[in-house]
Structures are given as structure tokens and as C-alpha cells.
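Take a look at the structure below.
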Amino acid sequence: MDNKWRAIWNRRKPGTGKLSGNWEDIFLELKRLNGYDVMGEGISLDAFLDEYAQTKELLRLTNDSSVFEVGCGTGANLYLMQRDGMTVGGTDYAEGLIETARTVISSPVELYAGEADAISVDQKYDAIFASGVFPYFPNDDYAVHVLNLMREKSRGPIGVMGLHDIEKRADYLAFRRANIPNYDELYKDLDRHFYERSFFEDFAAAHNLRIVFPEMLLEGYWNTPFIFNCFMYRKSS
């Protein structure tokens with residue numbers, strides 16, 4: 001994927017002492033490093049925890065489940081999942097973010113830096129998900145390849161969250177230009193990939209998966225009006 005985005009993410013480092021203390025503060029710092037501080041007035045802990053509870057339900061996770069995250073960043077989601085007793089694994093293409101994740105995820109099955117289209121499928125999990133990662137993919141072909149790897153790596157549900165809606169592309173760009181001075185200059189060559197829901201419907205149909213597009217509101221998140229989420233399930237489950 002784009003090396004300019006990779007360089008940006010690798011520059012994000014935790015503040016001194018920010019990854020010690022109570023779990024709530026650690027979790028919020030991990031989320032900040034994952035980019036939730038770039039616009040708006042911030043998101044409350046309660047809002048994040050509500051989203052987390054819904055994610056667990058949609059992925060059908062219990063405290064003894066295993067789960068893998070593609071594009072895990074600093075491991076904020078995996079941090080909560082491990083606290084709940086789950087077996088976790090993850091990958092992200094930014095080595096700097098993975099270094100941070102390794103400081104808070106104490107016993108992952110696997111936690112490594114690498115491209116999303118090269119994840120190993122040798123280790124299987126009860127569920128797999130990606131949050132806010134697919135918009136950084138270069139094109140639909142790349143996304144299909146990643147989805148196939150996710151399908152192979154999971155014994156159960158597949159979750160893809162934070163997908164930029166192609167029908168909201170004009171509104172997204174208008175919002176960004178209105179709130180970020182010199183937006184087009186600052187984000188030159190830093191594209192986001194937008195998706196149609198039919199892209200995921202076609203993938204699900206091709207692999208005999210049931211698909212849903214649940215509304216997942218994250219109160220206080222500026223990006224919510226422009227994104228959608230999808231979860232896919234094997235029809236035998």
C-alpha cells in the first residue's frame with residue numbers, strides 16, 4: 001500500500017508514560033494513536049465501549065473466543081479483547097504501531113507488521129475483522145484478495161468496518177475541505193478508496209456467505225456519516 005500513508009502512521013508514537021496506569025487511559029491513548037484525534041473534539045470512553053460491545057456481538061465473540069484483526073494499529077481493540085479473556089492476533093503495515101501494540105498485548109498468538117494482502121492463513125481464528133483499514137487499499141482487486149485471506153483465516157464471522165461509502169464521497173470531500181485548510185494540497189497523493197455495498201454483496205454471494213450492513217454509531221466520531229460496515233457469516237452457522 002501507499003508508502004506515504006505508511007510514513008504518516010509510523011510517525012505516531014505514544015506520549016511518555018501514556019501506556020501505563022489504568023486500563024481506561026491506556027485504551028484511550030491507543031485509540032488516539034490510531035487516528036481518532038485528527039478531527040473533532042474527541043470520542044468518549046463510553047462511546048468506544050458501546051462500539052466494542054456491538055462489535056463483539058456481531059462477531060459472535062465470547063470470553064473464550066479467538067479473534068484476529070487485520071490492520072490492528074496499536075492494538076486498541078485487541079487490548080480490550082485480551083482483557084476479556086480472548087485469544088488474539090493481529091497485523092498492521094506500520095511497524096511503529098505494531099511496536100506500540102507489542103507493549104500492551106501480553107500474549108498474542110501472532111502480532112506482526114506486514115501488508116494486508118500477505119497475512120498468513122496457517123493459524124485459524126473463530127472470527128476476523130478489520131476496522132478503518134479498507135479505505136487505505138489501492139483498489140477493489142486488492143480488497144478482494146484480502147477478503148479471501150480473511151475468509152480462509154476465520155472459522156466464523158468476518159467483519160469489515162469503517163468503509164468509505166462511494167455514495168457519500170462528494171459529501172466527505174466537502175466536509176474535509178470545509179474543516180481542513182488547504183485540504184487538497186495537504187492530502188495530495190493520499191487517496192482513500194471508496195466502496196459500493198454491491199462489491200461486498202457480490203463477494204458474499206460468490207462464497208455462499210450471508211451478509212448484513214449493521215448501523216454502528218460511534219457517538220462523537222466525525223466520520224460516521226460517510227462510512228458503512230458489513231459483516232459476513234457462513235450460512236451453516
Side-chain angles (χ1 to χ4, degrees), residues 1-40 42-56 59 61 66-116 118-120 125 127-137 146 150 159-163 190 192 216 218 220-223 227 229:
M1 287 187 286
D2 194 292
N3 288 330
K4 293 183 179 179
W5 275 121
R6 191 199 309 269
I8 289 171
W9 288 115
N10 274 319
R11 288 199 295 267
R12 298 184 70 83
K13 304 292 184 183
T16 303
K18 291 285 188 176
L19 297 182
S20 60
N22 62 57
W23 71 265
E24 295 96 335
D25 290 340
I26 294 172
F27 171 71
L28 288 173
E29 175 65 4
L30 295 174
K31 280 292 190 181
R32 183 190 71 80
L33 292 168
N34 281 346
Y36 285 92
D37 63 334
V38 297
M39 285 192 70
I43 301 169
S44 70
L45 176 64
D46 285 344
F48 278 127
L49 294 181
D50 286 344
E51 182 195 44
Y52 172 62
Q54 188 182 19
T55 300
K56 285 199 302 181
L59 290 175
L61 297 172
S66 61
V67 58
F68 187 91
E69 183 175 8
V70 179
C72 66
T74 59
N77 299 315
L78 299 179
Y79 176 70
L80 291 187
M81 290 167 172
Q82 184 172 263
R83 286 191 77 255
D84 279 345
M86 299 179 207
T87 301
V88 302
T91 185
D92 195 277
Y93 79 150
E95 178 65 45
L97 298 185
I98 287 294
E99 287 176 4
T100 297
R102 289 183 181 127
T103 69
V104 296
I105 308 298
S106 59
S107 54
V109 175
E110 48 187 340
L111 188 60
Y112 58 91
E115 294 286 351
I119 60 175
S120 168
Y125 293 78
I128 193 167
F129 73 108
S131 180
V133 176
F134 272 59
Y136 294 98
F137 293 170
V146 176
M150 293 175 72
V160 188
M161 302 155 60
L163 294 157
L190 289 170
R192 296 290 183 97
M216 299 182 70
L218 180 57
Y221 186 33
W222 66 271
N223 209 15
I227 60 178
N229 310 281

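Given the structure is predicted, the values throughout are model-derived calculations rather than measurements. In what follows, every heavy atom counts, from backbone to side chain, and hydrogens, waters and symmetry copies are set aside.
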- Message: Could you walk me through whether M86 and Y125 satisfy the side chain to side chain contact (heavy atoms under 4.5 Å, CB included) test, starting with their C-alpha distance in whole Å, then the side-chain angles of each, then the deciding distance to 0.1 Å, before giving a yes or no?
- Response: CA-CA 11 Å; M86 299 179 207; Y125 293 78; over 6 Å; no
- Check the pair F68 / T91 against side chain to side chain contact (heavy atoms under 4.5 Å, CB included), numbers first and verdict last. CA-CA 8 Å; F68 187 91; T91 185; 3.8 Å; yes
- Query: Mind checking whether L30 and L19 have side chains closer than 4.5 Å, heavy atoms only?
  - Reply: yes
- Contacts of type side-chain hydrogen bond (donor to acceptor under 3.5 Å, both in side chains), residue D84, not counting sequence neighbours: Y52, K56
- Item | Results of ring-ring contact (aromatic ring centres under 6.0 Å, His included) for F129 - residues two or more places apart only | none
- Message: I need the minimum non-hydrogen distance between I105 and Q82, along with the two atoms involved.
- Response: CG2-OE1, 3.6 Å
- From E69 atom CD to M150 atom CE, the distance as rounded to the nearest 0.5 Å: 9.0 Å
- When rounded to the nearest 0.5 Å, the distance separating CZ of F27 from CG of L80 is 4.5 Å
- All side chain to side chain contact (heavy atoms under 4.5 Å, CB included) counterparts of A53, not counting sequence neighbours: none
- Interatomic spacing from CG in L28 to CD in E24 - rounded to 0.5 Å: 8.0 Å
- Message: With a 4.0 Å cut-off on N to O distance, would you call R102 and E99 a salt bridge?
- Response: no
- Query: Can you tell if the side chain of S131 reaches within under 4.5 Å of the side chain of N229, non-hydrogen atoms only?
  - Reply: no
- Message: Restricting to non-hydrogen atoms, name the atom on A101 and the atom on G73 that form the minimum distance, rounded to 0.1 Å.
- Response: CB-O, 3.9 Å
- Item | Sole candidate of I119, D92, V160 that passes side-chain contact (heavy atoms from CB on, under 4.5 Å) when paired with V70 | I119
- Rounded to the nearest 0.5 Å, how far does CG of D50 lie from OG1 of T55? 10.5 Å
- Message: For the backbone of M216 and the side chain of E51, can you confirm whether one donor and one acceptor N or O come within less than 3.5 Å of each other?
- Response: no
- Item | Any K31 side-chain heavy atom under 4.5 Å of N77 side chain | yes
- Minimum heavy-atom distance A127-L61, with the two atoms named: CB-CD2, 3.8 Å
- Message: Quick check for you: to the nearest 0.5 Å, what is the distance between L59 atom CG and M81 atom CE?
- Response: 6.0 Å
- Task: Would you indicate whether the side-chain heavy atoms of T74 and Y79 approach each other to under 4.5 Å?
- Result: no
- Message: As an exercise, state the distance from CG of N223 to CG of L218, rounded to the nearest 0.5 Å.
- Response: 10.0 Å
- Message: Can you tell me how the ring of Y36 sits relative to the ring of Y221, calling it parallel under 30°, perpendicular over 60° and tilted otherwise?
- Response: tilted
- Could you pull out the closest heavy-atom pair between P135 and G162, with the gap in Å? CG-O, 3.2 Å
